[in-house]
Amino acid sequence: FLSVRQWLSSVEEAVGDCIPVLLLGNKIDNEKEREVPRGLGEQLAKENNLIFYECSAYSGHNTKESLLHLARILKKQEDTVREDAIQVDRPAKKKPCCG
């Protein structure tokens, strides 16, 4: 948890700040074994503009939903990039002369 901010800085330096990052809090089903309270995870996500979900690796709670959310964001970004891309037509093939 303490290394997340440093890791995020490295990611932003490498790819820019427009990449979506999913932060998952685990052990939603077992409060006794949690190392980071939900509030701290939410705060970190909010401060760094991250997607935040709480999940359970044991029960599978929110595992599918969180990844679907990330996939939808990535698809939306891909669609936006495609719309913004300039379409260049291929030049017509030249006909041989003196045929």
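Because only heavy atoms are used, hydrogens play no part in the values below, and waters and symmetry mates are left out as well, while side chains stay in.
Contact between F52 and A45 at its shortest, heavy atoms only, is CB-CB, 3.5 Å. Across all non-hydrogen atoms, the minimal contact from L40 to V36 is CB-CG1, 3.9 Å. Across all non-hydrogen atoms, the minimal contact from E31 to I28 is OE2-O, 4.4 Å.
With a 4.5 Å cut-off on side-chain heavy atoms, L74 and L70 count as touching. Taking 4.5 Å as the limit, some side-chain heavy atom of Q43 sits within range of a side-chain heavy atom of E47. Using a 4.5 Å heavy-atom cutoff, the side chains of L8 and L50 are in contact. Q77 places none of its side-chain heavy atoms less than 4.5 Å from the side chain of I19. Taking the side chain as every heavy atom from C-beta outward, T63 and L24 never approach each other to under 4.5 Å. Looking at heavy atoms from C-beta onward, H69 lies in side-chain contact with I51 at the 4.5 angstrom threshold.
L68 forms part of no hydrophobic cluster, judged by ILVMFWY side-chain heavy-atom separations under 4.5 Å.
Using a cut-off of 4.0 Å between Lys/Arg side-chain N and Asp/Glu carboxylate O, R38 and E42 are scored as salt-bridged. Between E35 and K27 there is no salt bridge, since none of the side-chain N atoms of the basic residue sits less than 4.0 Å from a carboxylate O of the acidic one.
With sequence neighbours excluded, no residue forms a side-chain hydrogen bond (donor to acceptor under 3.5 Å, both in side chains) with R72.
When the shell of 6.0 Å around CD of Q6 is examined, it contains 12 or fewer heavy atoms from other residues, nucleotides or ligands.
Here E54 contributes atom CD and L23 contributes atom CG; the two are 9.5 Å apart, rounded to the nearest 0.5 Å. Atom OG of residue S9 and atom CD of residue E12 lie 6.0 Å apart, to the nearest 0.5 angstrom. Taking CZ from R82 and CG from D79, the interatomic distance works out to 7.0 Å, rounded to the nearest 0.5 Å. The OH atom of Y53 sits 10.0 Å away from atom NE2 of H61, with the distance rounded to the nearest 0.5 Å.
Within the 3.5 Å criterion, the main-chain N or O of A57 finds a donor-acceptor partner in the side chain of N26.
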